[in-house]
Amino acid sequence: MRYDKADVSRELEKIPWFKEIERKHLQRISDISHLRHVRAGEILFREGDQEDYLYIVIEGRVALDIFIPHRGKIRIFTAEPWDLFGWSSVIPNIYQRTAGAVAVVDGLVVGIDSAKLREACDADHDLGYLVMRRLSNIVASRLLVTRLQLIDMFASPEDKNAK
Amino acid sequence: MTMLATEIVRTHADLLLEPHWAEIKSIIPEAADIATYWIRFVDSDEQEAFRFEPGQFNMLYLPGFGESAISISSDPQDHEKIGHTVRFVGNVTRAVSRLKVGDIVSLRGPFGSHWPMKEMEGKDVFIACGGIGLPPLRPALYHIIQNRDKYGKVTLLYGARTSGDLMFPKEYEDWRKAGIDVEVTVDRGDANWNGRVGVVPMWFYQFRIDPHKTTILTCGPEIMIRFVIFEAMARRVPLDRIYVSLERNMKCGQGSCGHCQLGPYFICKEGPVFRFDELQSFFNVEEF
């Protein structure tokens with residue numbers, strides 16, 4: 001299915017965060033975004049790929065996984081509707097994907113061109129501040145999740161399975 | 001009839017101190033090091049008379065090993081048997097793990113406070129729990145299902161370390177059919193797990209919680225409870241509508257020995273279920 005710019009704007013407007021930003025900023029982001037239908041099992045990117053897009057889930061569920069030799073792929077996070085993933089592509093000093101992303105059910109995602117988003121943020125610092133503030137919230141939330149996963153909170157002191 | 005001064009007057013408290021023999025009728029493995037023991041009192045009158053409220057616990061006694069507080073995980077309306085979901089982590093529960101169907105144990109109880117089933121009527125209920133925190137909430141789920149029209153929107157958000165650690169997975173579909181929104185997440189998934197990966201508190205944002213009409217029930221690792229409360233407070237849920245079930249080193253079940261003291265409370269007596277506004281000043285104190 002092909003989507004035009006109006007479809008992209010319409011989907012972005014449904015996301016609570018985009019309701020808070022100015023029309024011109026929404027339009028700027030919409031101009032550098034595309035909609036992508038994904039099927040269950042479809043890989044959006046792999047670990048080590050070059051960074052290209054920042055994604056927002058509109059429908060469905062996307063899993064992020066890391067390959068561990070001799071153990072296979074471990075799912076570390078799932079993104080649900082309105083969740084954002086691939087955020088490191090907007091950070092200028094990370095140049096490759098640190099995890100893979102696979103759709104676990106059919107869905108729809110918005111892909112925002114990371115390089116163009118960085119350029120837009122550099123050119124308009126008001127937009128840059130809004131984007132970076134939003135990313136900070138995302139990173140803080142992921143950091144908390146990672147901490148709780150890291151401490152293995154379901155383990156008891158005598159648990160032989162504890163990490 | 002005149003009672004002699006020396007005659008022993010049996011009170012409810014005496015009955016709670018007295019062990020009652022019970023037989024293990026079946027054992028259902030739930031996850032690694034966790035199983036549900038279905039038990040019946042040897043005396044059928046005792047079995048018939050046994051009643052409990054969702055959230056309460058029994059003291060399970062094994063001669064030669066001691067006692068352990070085990071929450072009741074079965075249906076309060078099932079008077080045929082009592083379910084206890086046990087995690088094998090201490091001396092007593094490790095001894096329990098060696099028991100077989102037909103073995104005899106001793107029970108005292110039920111003890112402690114319970115989930116506010118009556119107070120929640122007419123309200124939405126949001127249950128956020130993790131790991132072995134689901135068993136003490138299962139009786140509340142059964143109660144809600146049996147009285148579904150008395151409650152508003154009911155959501156169960158449940159997390160475990162992995163999909164293999166999820167408790168009672170075969171029941172989720174029945175609970176969904178009974179009108180409960182069952183949402184599950186795991187800390188770590190493998191390539192075959194298509195459900196959510198993440199921790200319980202982080203998923204709050206996915207649900208529409210009306211702070212004016214929602215009661216939160218939470219049980220699980222205390223670190224999880226802390227962040228569940230954080231998320232509930234961020235959504236302006238009043239502290240007196242957040243209920244927490246705590247686990248401590250419970251020994252007597254009567255508030256007499258002091259092992260389970262938390263501030264001014266004995267978890268075995270005033271707890272294990274607390275309204276959070278009663279606990280708040282003690283909850284985030286380091287090493288408390």
Side-chain angles (χ1 to χ4, degrees), chain A residues 15-17 39-43 57 59-68 71-85 99-107 137-163, chain B residues 31-34 87-91 93-94 97 129-134 157-167 183-208 219-228 230-231 234 247 249:
Chain A
I15 300 169
W17 180 66
R39 295 196 181 281
E42 186 175 333
I43 292 172
V57 179
E59 294 166 15
R61 176 179 295 146
V62 174
L64 301 187
D65 47 35
I66 292 179
F67 181 79
I68 302 176
R71 285 177 62 188
K73 283 187 175 176
I74 302 294
R75 288 195 172 157
I76 52 168
F77 181 77
T78 48
E80 304 278 322
W82 301 345
D83 272 338
L84 193 149
F85 65 97
V102 59
V104 292
V105 293
D106 291 353
N137 280 340
I138 301 289
V139 174
S141 164
R142 297 288 166 79
L143 185 59
L144 174 59
V145 172
T146 305
R147 282 174 178 165
L148 291 175
Q149 289 168 324
L150 186 67
I151 61 174
D152 199 9
M153 61 184 173
F154 295 116
S156 76
E158 301 179 51
D159 195 335
K160 61 178 182 288
N161 294 320
K163 289 201 298 193
Chain B
D33 296 332
I34 301 172
R87 189 182 198 187
F88 313 130
V89 288
N91 282 340
T93 52
R94 269 198 291 268
S97 74
C129 58
I132 194 79
L134 180 56
L157 174 57
Y158 175 52
R161 184 196 275 159
T162 69
S163 57
D165 296 311
L166 292 166
M167 304 271 102
E183 303 291 341
V184 171
T185 184
V186 298
D187 277 12
R188 294 194 292 272
D190 59 23
N192 298 317
W193 171 253
N194 286 339
R196 288 191 167 101
V197 179
V199 293
V200 164
M202 70 158 282
W203 293 117
F204 264 63
Y205 76 97
Q206 286 279 336
F207 304 95
R208 296 274 179 275
C219 184
E222 265 187 45
I223 185 75
M224 184 211 77
I225 291 174
R226 193 194 304 171
F227 285 103
V228 163
F230 182 81
E231 293 293 336
E247 193 179 315
N249 184 21

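Because the structure is predicted, anything quoted here is derived from the model rather than measured.
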Any idea which heavy atoms bring [X] and [Y] closest together, and the distance?
X        : Y        : value
A/Phe85  : A/Ala101 : CE1-CB, 3.9 Å
B/Met167 : B/Leu134 : O-CD2, 3.7 Å
B/Ile223 : A/Met153 : CG2-CB, 3.4 Å

Self-check item: Side-chain donor or acceptor of A/Thr78 paired with backbone N/O of A/Ala63 under 3.5 Å
Solution: no

Between [options], which shows the greatest number of heavy-atom pairs under 4.5 Å with chain A?
options                      : value
B/Ala191, B/Gly133, B/Gly131 : B/Ala191
B/Gly195, B/Gly198, B/Pro201 : B/Gly195
B/Val199, B/Ile132, B/Asp165 : B/Val199
B/Met202, B/Gln206, B/Arg196 : B/Arg196

Practice problem: Measure A/Ile74 against the heavy atoms of chain B and call it side chain, backbone, both or neither at under 4.5 Å. | Solution: both

Quiz item: Side chain, backbone, both or neither: which part of A/Leu64 has a heavy atom under 4.5 Å from chain B?
Solution: neither

Quiz item: Considering only heavy atoms, which portion of B/Phe88 lies under 4.5 Å from any heavy atom of chain A: side chain, backbone, both, or neither?
Solution: neither

Quiz item: Are side-chain N/O atoms of B/Thr185 and B/Trp203 paired as donor and acceptor at under 3.5 Å?
Solution: yes

Quiz item: Looking at A/Val102, A/Thr146, A/Val105, A/Asp83, which one has more heavy-atom pairs under 4.5 Å with chain B than the rest?
Solution: A/Asp83

Quiz item: Nearest 0.5 Å, what's the CZ-CG distance between A/Arg142 and A/Leu84?
Solution: 7.0 Å

